[in-house]
Amino acid sequence: MVERVRTDPNTPFDEQWRRFSELAAQRPAELGPMPAWLPSVERTVRSNVAALMAELGIDDYRRLHRWSVEHRNDFWAMTLDRLGIRFASPPDSTIDPAGGPAQPRWLTGARLNIVDSCFQASQCTIAVAVGREGGPAVQTVTYGELEALVNRVANGLRDHGFRPGDGIALYMPMTLKCVAAYLGAVRAGCSVVSIADSFSAEEVARRLRIGAASGVITVDHFDRGGKKIPLYDKVVEAAAPRAVVIRSSSEIVLRDGDLEWDDLLSESTDFASVVGDPYDMTNVLFSSGTTGDPKAIPWNHLTPIKCMMDGHFHHDITPGDVVAWPTNIGWMMGPWLIYAALGNRACLALFEGLPTRPGFTSFVRDAGVSMLGVVPSLVRAWRSSGACDGVDWSRVETFSSTGEPSNRSDYLWLMSRSGYRAPVVEYCGGTEIGGGYITGTVVQPASPATFTTASLGLDMVILDGDGHVVADGVDGEVFLVPPSIGLSQSLLNRDHDEVYYEGCPSGPDGQVLRRHGDQMERLPGGWYRAHGRADDTMNLGGIKVSSVELESVLGSHQPVAECAAVAVQPEGGGADQLVVFAVLDGERDPGELRAELGRLLSRRLNPLFKIHDVVVVDSLPRTASNKLMRRELRARYGELHVGDG
């Protein structure tokens, strides 16, 4: 079937899925899920993982992973060397374990600015490829040109009174100027406060306050899908501090004290990086917890090393690769993409516009993208709309997916876009990890919607409700086994120990365990499958949000006496769908109520949050301590809608 698809790309996918399902049904259960991609000898030999294995004299990947967690000091020392991390003063040691697994001290004695490690390629190497919705052909920027722009930003921030340690919020789409602003702020010793461009003014104000931002860089508006989306108006509504505005029209009038992007930029293209301790904060990112304000997670100069490492070994990014991943600077995959691409001397591919449309899929072809990152909802949109029809993706060598659990049929379809030449590296982690804890590699088989390994340098266990390691075919809650570079060691607005360690069981060998909150199934043959969140958070369109945040907004709607927001998965797996159970004061048509609540979520939280269904009930199930039993509601909805999705 694979050979037929490579010869005839128009082979109906239904036929491919049917044949794959037949073979999967015949496969002995003890072997695990049916692979759709097997690594060739040529691909394996030239991979970054194979190079590390050869250096160590290890000939089996699972042995490599075991070595990486049993010799963490050696693994991370070799990783720093392979990545060429630049230090103003080298570390005295890779890790000082005196603080225990939860609070080790990495790179003791070192002084650095991680941005320096993003500019190791030659100045004439292409650093960024840019495409625009309905715009001209792909435009390129070299490493030399990008670094000059980064330095102009760093000089400009200093010249306009910003000092090392100041928070600089970025509230804008993921563009070339966004990348330059991000790297320029970090190079100047400032801390970026990341805010997604889809957030309302109310949510912008919350993040500016929590991140203690001294300034904000934004745009007057941007165009996406034929719509003009204003941002500066929301900055003003949020009563933001001094703003730097990238203007695209002459209509907008700036507040007193605000300035335009061109006025920020210095003429000087030289700047000596502000170096500091590895633990100096470089970025504040936000991740929903189960109560109140979003968790404010600080990244430092260490965290990008985790991004670079995952890109190097698990995504096999090498010099000459072109890396695309539709994302936003407000979410961890925005900074991750910058560091994983530039830190591995690759080209970062950015598209200004809707990634669901043919303009983006053609950009992937025209830019020569070799590593394409996705979220499951995006793949489903491509498949249903035909946006990939007739587009040659033969240069794509690796797909990667994160943000939500994947759907097996959708992901076999995605592999078929490359004639099954490219695997999907499933990649799951979090902002507080700086990357993934469970993933895949290009030296192991790939099966749709499954994982093959814990990340190198990090281990995990999956436990049932009694704290026992689950057997094959059983799902449970994921706990991480620290330490690792990238794992957070503090929060700005929470007790870090309480959030991640308090009440955790010990590991099977007595290890200290760290709570993460994902539900994961252990499959035969060493494979894994994700089942969403074990706590009261969910992923909607690749954005993690707590049930409590959603319920606080939905419950403010006048007819709603009380409500519960739960995430359900469609049959066959895939992206979370938001279902709202509502107790009403009086009667209301469920369809009208769903539309009203949808508009409320869009206005108050995020227009990307969509309500799949509203179920009107007489009461909500609660424990004796009055805690909502959301798991019971999920099960109840699943029983009522078997076969939906």
Side-chain angles (χ1 to χ4, degrees), residues 2 17 20-40 43-44 47 49 60-66 68-69 310 313-316 374 376 379 398-416 420 422-429 435-464 468-481 508 516 518-534 569 571-574:
V2 168
W17 173 248
F20 178 83
S21 300
E22 289 170 355
L23 292 171
Q26 298 167 15
R27 183 174 170 84
E30 64 270 17
L31 296 180
M34 178 74 188
W37 180 87
L38 297 172
S40 66
R43 181 72 191 270
T44 299
S47 68
V49 166
D60 176 77
Y61 176 80
R62 291 185 183 178
R63 282 183 56 213
L64 175 67
H65 179 266
R66 180 50 41 200
S68 77
V69 296
D310 282 1
F313 288 125
H314 291 291
H315 297 86
D316 200 39
V374 299
V379 176
T398 310
F399 295 106
S400 188
S401 175
T402 195
E404 308 160 331
S406 308
N407 177 278
R408 291 185 288 283
S409 176
D410 287 345
Y411 273 50
L412 187 74
W413 174 87
L414 181 62
M415 288 193 201
S416 76
Y420 299 99
V424 176
V425 173
E426 288 282 355
Y427 186 58
C428 182
Y437 70 87
I438 188 168
T439 178
T441 70
V442 300
V443 301
Q444 296 172 289
S447 182
T450 59
F451 302 83
T452 58
T453 177
S455 175
L456 288 169
L458 182 61
D459 211 357
M460 66 172 194
V461 294
I462 305 173
L463 304 180
D464 62 20
H468 300 134
V469 176
V470 299
D472 287 352
V474 178
D475 67 286
E477 184 174 349
V478 171
F479 292 86
L480 307 183
V481 184
H516 185 67
D518 284 344
Q519 200 80 3
M520 192 73 61
E521 180 183 359
R522 186 189 189 98
L523 301 173
W527 305 74
Y528 304 88
R529 178 170 291 135
H531 288 282
R533 297 290 296 174
Q569 282 188 289
E571 187 177 11

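Every heavy atom of this structure was used, including side-chain atoms; hydrogens, water molecules and symmetry mates were not.
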For the residue pair [X] and [Y], what are the closest heavy atoms and their distance?
X	Y	value
Pro524	Ala29	CB-O, 3.3 Å
Val474	Val470	O-CG2, 3.6 Å
Pro445	Leu38	CB-CD2, 3.7 Å
Met34	Phe20	O-CZ, 3.4 Å
Ala449	Glu426	CA-OE2, 3.4 Å
Pro39	Thr44	CB-OG1, 3.5 Å

Ignoring hydrogens and angles, tell me if any N or O in the side chain of [X] forms a donor-acceptor pair with the backbone of [Y] under 3.5 Å.
X	Y	value
Thr402	Tyr427	yes
His315	Phe399	no
Thr439	Ser455	no
His468	Leu463	no

Just so I know, are the side chains of [X] and [Y] near enough to count as touching, which here means a heavy-atom distance under 4.5 Å?
X	Y	result
Met520	Phe451	yes
Cys428	Asp518	yes
Trp413	Pro448	no
Arg522	Asp472	yes
Leu456	His65	yes

How long is the straight-line distance from [atom2] of [Y] back to [atom1] of [X], given to the nearest 0.5 Å?
X	Y	atom1	atom2	answer
Ser406	Leu412	OG	CG	12.5 Å
Phe479	Ile462	CZ	CD1	11.0 Å
Met415	Trp37	CE	CH2	9.0 Å
Leu414	Asn407	CG	CG	11.5 Å

side-chain contact (heavy atoms from CB on, under 4.5 Å) involving [X] - partner list, sequence neighbours excluded:
X	value
Asp475	Gln519, Glu521, His531
Pro508	Val461, Val469, Gln511
Ser47	Val49, Ala50, Asp316, Val442, Val443
Thr450	Pro33, Ser447, Leu523, Trp527, Arg529

Pairs satisfying salt bridge (Lys or Arg N to Asp or Glu O under 4.0 Å), at least one member in residues 444-459, at least two apart =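 Only Arg66-Asp459 qualify under salt bridge (Lys or Arg N to Asp or Glu O under 4.0 Å).
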Between Gln444 and Thr453, a side-chain donor and acceptor under 3.5 Å = no
Thr398-Arg43 side chain donor-acceptor pair, cut-off 3.5 Å =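 Result is yes, a qualifying pair exists.
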List the steps and the verdict of side chain to side chain donor-acceptor pair (under 3.5 Å) for Thr441 and Tyr61.
-> CA-CA 9 Å; Thr441 70; Tyr61 176 80; 5.7 Å; no
Applying salt bridge (Lys or Arg N to Asp or Glu O under 4.0 Å) to Asp464 and not counting sequence neighbours gives none
